[in-house]
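Contents: one structure, followed by commentary.
Start at 1 with the first residue, then count along the sequence. The figures here come from the full heavy-atom set of this structure, side chains too, leaving out hydrogens, waters and symmetry mates. For ligands, and for the atoms within them, numbers begin at 1 and follow the listed sequence.
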Amino acid sequence: MKYTYRKSSLVYATLLICGLIFIQCNDSGDLNEPSTEDFFPEKLYSLDGNGRIVDTEMMPTDFLPSDSCMSCHPNHYNEWNESMHAYAMKDPVFFGGWNGEQLSRPGTGERFCLQCHNPVAFVTGVFLDQYGDSESLQNSNENHVIKEGIGCDVCHTMTKLSTAVVTGDDVSANAEYHYNPGEGIEYGSIENPVANSFHESQYAPIYQRSEICLPCHDFFIRGVEAEITYTEWNRIPAAAMSGGMTCQDCHMVKYPDGHSDHRFTGVDLDLSSPVENTAAYQAVSELLSGALNISPGYPDVDFPASVGSGETLVIPFTITSLTGHALPSGVTFAREAWMEFTISQNGILLFESGLISNDSAGLDENDDQLLLFYSQLLDAQGNHISGVTDAHGIINSTLPGFGARYKSYSFDVPPDITGTLTVSARMLFRSFKPSILEGSHQNLLDNLPVFEMASYQATINIID
Ligand code: HEC
Ligand code: HEC
Ligand code: HEC
Ligand code: HEC
Ligand code: HEC
């Protein structure tokens with residue numbers, strides 16, 4: 001799938017205009033509002049102050065395992081099966097962080113992470129603290145849906161929309177889900193579904209709204225905007241107000257047969273084996289190659305055609321986002337998007353910023369010309385930390401959704417050179433800052449790919 005329709009800035013201009021018009025005409029009302037009392041029923045649960053179930057009307061067996069959908073929905077199943085949603089309870093990086101949270105906050109840590117990474121365990125009150133790694137959980141006798149993490153019924157038994165997870169200093173789980181499992185009903189976006197012998201189908205317009213991705217894709221802690229993909233999207237007036245650029249429009253594109261892509265392609269991959277030849281790698285590569293543009297110059301500053309020897313060369317770029325939220329988004333403090341910039345002459349490197357010797361090498365933190373989109377978590381004293389649940393602040397240096405960033409490099413041209421300079425800029429992305437995987441996840445680091453999002457090359461004449 002190509003995202004070429006987003007490559008044009010005209011599209012964004014059009015969206016902006018549409019957004020302004022649609023403010024008036026898209027008053028769709030509250031889609032949670034049932035037309036009859038029991039049209040969109042839900043089963044309830046209540047939590048104590050540590051995020052543990054006090055009462056629940058749901059059991060794991062109410063949620064159907066995803067492989068029971070395979071025979072009739074093979075495309076949905078196969079796509080979902082290679083998604084990060086299916087990987088949620090297999091992800092060694094998740095288990096590493098989750099173990100750490102349980103050690104530092106024994107009362108709340110187990111529930112806290114599972115509220116988004118394993119909603120069925122959360123709403124049914126199944127504790128998984130005895131599983132220190134993915135293998136022990138996957139080889140256990142737990143119900144299949146518990147081992148799946150985010151399976152079909154985690155989404156398709158939702159009957160109302162949720163809001164973000166907002167956490168206080170106690171760091172306890174409090175996510176609100178609205179589920180009606182165990183009644184043999186699958187809810188979805190098909191208005192007039194063909195009947196089948198296995199389940200009843202119920203059309204629910206909420207499936208075409210970005211809010212269906214809540215509560216998981218929006219998370220605040222102590223007022224800190226920790227992982228706020230939905231909020232970033234919602235802050236883009238054109239995207240949110242027109243209702244025309246939902247999460248589904250980019251992440252669940254319709255195939256010719258009418259079914260929606262269930263690979264949920266993002267930026268991350270199962271790194272436990274080499275990824276370069278996999279279909280999932282191709283999909284991430286395609287998504288990222290439509291994520292932004294690099295263009296030469298910026299308002300009032302042209303890209304130079306020539307420079308005098310001995311002078312300072314200033315090289316300006318505009319980086320324009322084509323993404324419906326910040327880049328990176330979600331766990332921004334783990335990701336890295338940066339510009340690799342070089343100036344060379346006849347193959348000899350004269351200047352570099354963001355150039356790494358191999359895909360798992362760290363970036364030069366002392367490079368004050370480095371253009372890096374990421375974020376840094378801070379503790380109460382303002383020190384840099386890595387654990388999101390300890391955050392009291394965040395320095396957000398991401399590229400805003402559909403926003404632009406101007407960047408210039410300066411280079412002192414040596415007085416003794418003549419001829420031409422070759423200038424090369426590439427925007428690169430990797431799903432992990434190497435230091436996160438170093439040591440405990442060295443095998444994953446060895447497979448970590450760097451993706452190119454966009455590039456620009458030019459030559460500049462030196463005049464004496
Ligand atoms: C016996 C075959 C069969 C099985 C098994 C099956 N489905 Fe379906 N499902 C269908 C058919 C047929 C439709 C209607 C498709 C259409 O109208 O295009 C459907 C529709 C749906 C819809 C759309 C409902 C709507 O109105 O939007 C969802 C969601 C769904 N199924 C989920 C599931 C899930 C989840 C499972 C496994 C737990 C599952 N199905 C198992 C046959 C099946
Ligand atoms: C029940 C919680 C939940 C819901 C609902 C949910 N997600 Fe996710 N999503 C997650 C979690 C957790 C992960 C990360 C799993 C992992 O990598 O371990 C994830 C991962 C992803 C990724 C891959 C991110 C990457 O870095 O590669 C994409 C894309 C995504 N989700 C999109 C969506 C969209 C679009 C929706 C709504 C249609 C949605 N999700 C609904 C919890 C959820
Ligand atoms: C205009 C298209 C577009 C829209 C709309 C959009 N996305 Fe994305 N999404 C992208 C692109 C491109 C990337 C890869 C660049 C990046 O990571 O930001 C991405 C990446 C992601 C990731 C991985 C982020 C990371 O860096 O770890 C998640 C999770 C995600 N999207 C979820 C969502 C959700 C949830 C919504 C709706 C609230 C949404 N997206 C709306 C295009 C879109
Ligand atoms: C993270 C949430 C999520 C998960 C997990 C998920 N779906 Fe969906 N599914 C959706 C959303 C949202 C739509 C509506 C997409 C649209 O119409 O834009 C949808 C649509 C559908 C439809 C209607 C036809 C279509 O493709 O538009 C079927 C059938 C379906 N899903 C089946 C499944 C099956 C089977 C699984 C598991 C193998 C599954 N889904 C897993 C969110 C999810
Ligand atoms: C509010 C819901 C929510 C909570 C709570 C939550 N996560 Fe996540 N987590 C997500 C979503 C959504 C993603 C995918 C975002 C993205 O890819 O940018 C994610 C991504 C991750 C990733 C990156 C996965 C990868 O392979 O790239 C790790 C690791 C992770 N979470 C660990 C944890 C741990 C540990 C906790 C508990 C301290 C936790 N999460 C709590 C929603 C949540």
Item to check | Which segment of Asp268 sits under 4.0 Å of ligand 5 when only heavy atoms are counted | outcome: side chain

Checklist entry - Quick one: does Phe432 get a heavy atom under 4.0 Å from ligand 5? => result yes

Checklist entry - Of the protein's non-hydrogen atoms, which lies at the shortest distance from atom 14 (C) of ligand 5, and what is that distance? => result His217 CE1, 4.3 Å

Checklist entry - Which option out of Gly401, Cys247, Pro328 puts a heavy atom nearest to atom 37 (C) of ligand 3? => result Cys247

Checklist outcome for this item: Counting from 1 in the order shown, the ligand 4 atoms closer than 4.0 Å to a non-hydrogen atom of Cys69 are 35 (C)

Checklist outcome for this item: Residue, atom and distance of the protein heavy atom nearest atom 42 (C) of ligand 5 read Cys216 O, 3.6 Å

Checklist entry - Starting from atom 41 (C) of ligand 5, which protein heavy atom do you reach first, and at what distance in Å? => result Cys113 CA, 3.9 Å

Item to check | Ligand-side contact atoms (ligand 5) for residue partner Phe112, heavy atom cut-off under 4.0 Å | outcome: 5 (C), 37 (C), 38 (C)

Item to check | Interfacing atoms of ligand 3 (cut-off 4.0 Å, heavy-atom, Ala291) | outcome: 12 (C)

Item to check | Donor-acceptor side-chain pairing of Thr159 and Glu42 below 3.5 angstrom | outcome: no

Checklist entry - So which heavy atom in the protein is nearest atom 32 (C) of ligand 5, and how far is it from that ligand atom? => result Phe94 CD1, 3.5 Å

Checklist outcome for this item: Looking only at protein heavy atoms, what sits closest to atom 18 (O) of ligand 5 is Val331 N, 3.1 Å

Checklist entry - Just by distance, with hydrogens left out, do Tyr131 and Gln138 show a side-chain donor and acceptor under 3.5 Å apart? => result no

Checklist entry - Among all protein non-hydrogen atoms, which one is nearest to atom 8 (Fe) of ligand 4, and what is the separation to 0.1 Å? => result His156 NE2, 1.9 Å

Checklist entry - Looking only at non-hydrogen atoms, which of Val253, Thr229, Thr246, Thr398 approaches atom 33 (C) of ligand 3 most closely? => result Thr229

Next on the checklist: Using a 4.0 Å cut-off to any heavy atom of His73, which atoms of ligand 4 qualify?
Outcome noted: 29 (C), 35 (C)

Next on the checklist: Is there a polar contact, in the sense of an N or O pair closer than 3.5 Å, between His76 and ligand 4?
Outcome noted: yes

Checklist entry - Any idea which atoms of ligand 4 are less than 4.0 Å away from a heavy-atom of Ile190? => result 23 (C), 24 (C)

Next on the checklist: Tell me whether Arg335 forms a cation-pi arrangement with Phe429, defined as NZ or CZ under 6.0 Å from the six-membered ring centre and within 45 degrees of its axis.
Outcome noted: no

Checklist entry - What atoms of ligand 4 come closer than 4.0 angstrom to any heavy atom of Tyr77? => result 38 (C)

Checklist outcome for this item: ligand 5 to Val93, heavy atom cutoff 4.0 Å, flagged ligand atoms 29 (C)

Checklist entry - Can you check whether Trp98 reaches Leu114 side chain to side chain, under 4.5 Å on heavy atoms? => result yes

Next on the checklist: Distance under 4.0 Å to a non-hydrogen atom of Leu287: what atoms of ligand 3 satisfy this?
Outcome noted: 11 (C), 12 (C), 13 (C), 14 (C), 19 (C)

Item to check | Side chain, backbone, both or neither: Ser260 near ligand 4, heavy atoms under 4.0 Å | outcome: both

Item to check | Pair His73 + Tyr77: ring centers closer than 6.0 Å | outcome: no

Checklist outcome for this item: ligand 5 to Phe219, heavy atom cutoff 4.0 Å, flagged ligand atoms 1 (C)

Checklist entry - Would you call Pro193 a ligand 4 contact, heavy-atom distance under 4.0 Å? => result no

Checklist entry - If you count the atoms of ligand 4 from 1 in the order shown, which ones are under 4.0 Å from a heavy atom of Lys254? => result 16 (C), 17 (O), 18 (O), 27 (O)

Next on the checklist: Does this structure show an ion pair linking Lys43 with Glu183, if we count only N-O contacts that are shorter than 4.0 Å?
Outcome noted: yes

Next on the checklist: Regarding atom 16 (C) of ligand 5: of the candidates His441, Arg335, Glu227, which has the closest heavy atom?
Outcome noted: Arg335

Next on the checklist: Given Ser329, Gly387, Cys116, Gly330, identify the one with the heavy atom nearest to atom 4 (C) of ligand 5.
Outcome noted: Cys116

Item to check | Shortest reach to atom 30 (C) of ligand 5 by a heavy atom, considering only His117, Glu101, Arg105 | outcome: His117

Checklist entry - How does Ala326 reach ligand 3, by side chain, by backbone, by both or by neither, if only non-hydrogen atoms under 4.0 Å count? => result backbone

Next on the checklist: Less than 3.5 Å apart, any donor N or O on the side chain of Asp268 or Tyr87 sitting next to an acceptor on the other?
Outcome noted: no

Checklist entry - Where does His85 meet ligand 4, judged by heavy-atom distances below 4.0 Å: at the side chain, the backbone, both, or neither? => result side chain

Checklist entry - In terms of the angle between their ring planes, are Tyr456 and Phe317 parallel, tilted or perpendicular, with boundaries placed at 30° and 60°? => result perpendicular

Item to check | Atom indices of ligand 3, in the order listed, that fall short of 4.0 Å to a heavy atom of Val267 | outcome: 14 (C), 17 (O), 25 (C), 26 (O), 27 (O)

Next on the checklist: Please check: side-chain N/O of Arg263 versus main-chain N/O of Ala280, any donor-acceptor pairing under 3.5 Å?
Outcome noted: no

Checklist entry - Between the main-chain N or O of Cys247 and the side-chain N or O of Ser210, is there a donor-acceptor pair closer than 3.5 Å? => result yes

Checklist entry - Can you find a protein heavy atom closer to atom 35 (C) of ligand 5 than 4.0 Å? => result yes

Next on the checklist: Does any part of the side chain of Pro215, heavy atoms only, come nearer than 4.5 Å to the side chain of Thr163, both counted from C-beta?
Outcome noted: no

Checklist entry - Is the gap between the ring centers of Phe264 and His85 under 6.0 Å? => result yes

Next on the checklist: Test your reading of the structure: does Trp233 have an N or O sitting under 3.5 Å from an N or O of ligand 3?
Outcome noted: no

Item to check | Proximity of Tyr179 and Phe63 rings by center, below 6.0 Å | outcome: yes

Item to check | Which of the ligand 5 atoms, numbered from 1, are nearer than 4.0 Å to a heavy atom of Trp98 | outcome: 35 (C)

Checklist entry - Short list, please: which atoms of ligand 3 are under 4.0 Å from a heavy atom of Gly324? => result 1 (C), 2 (C), 3 (C), 4 (C), 5 (C), 43 (C)

Checklist entry - What part of Leu288, side chain, backbone, both or neither, has a heavy atom within less than 4.0 angstrom of ligand 3? => result side chain

Item to check | Per-atom contacts of ligand 5 with Gly97, taking only distances under 4.0 Å to non-hydrogen atoms | outcome: 35 (C)

Next on the checklist: Give the atom numbers and elements of ligand 4 that come within less than 4.0 Å of a heavy atom of Cys155.
Outcome noted: 1 (C), 2 (C), 3 (C), 4 (C), 5 (C), 42 (C), 43 (C)

Checklist entry - Would you say Tyr45's side chain and Tyr177's backbone share a donor-acceptor pair under 3.5 angstrom? => result yes

Checklist outcome for this item: Nearest non-hydrogen protein atom to atom 38 (C) of ligand 4, with distance, is Cys152 SG, 2.6 Å

Checklist outcome for this item: Note: ligand 4 atoms sitting under 4.0 Å from heavy atoms of Gln248 are 12 (C), 18 (O)

Checklist outcome for this item: A student checking ligand 5 against Asp91 at a 4.0 Å heavy-atom cut-off should list atoms 24 (C), 25 (C), 26 (O)

Item to check | Polar side-chain atom of Arg52 near backbone of Gly107 as donor-acceptor pair, under 3.5 Å | outcome: yes

Checklist outcome for this item: Per-atom filter on ligand 4: closer than 4.0 angstrom to a heavy atom of His259 are 25 (C), 26 (O)

Checklist entry - Hey, is atom 8 (Fe) of ligand 3 within less than 2.8 Å of some N/O/S atom on His325? => result yes

Checklist entry - Going by the order shown, which atoms of ligand 5 are within less than 4.0 Å of some heavy atom of Val165? => result 1 (C)

Item to check | For Met245, the ligand 3 atoms whose distance to one of its heavy atoms is below 4.0 Å | outcome: 1 (C), 5 (C)

Checklist entry - Closer than 4.0 angstrom: is that true for some heavy atom of Ser431 and an atom of ligand 5? => result no

Item to check | Donor-acceptor side-chain pairing of Ser260 and Gln248 below 3.5 angstrom | outcome: no

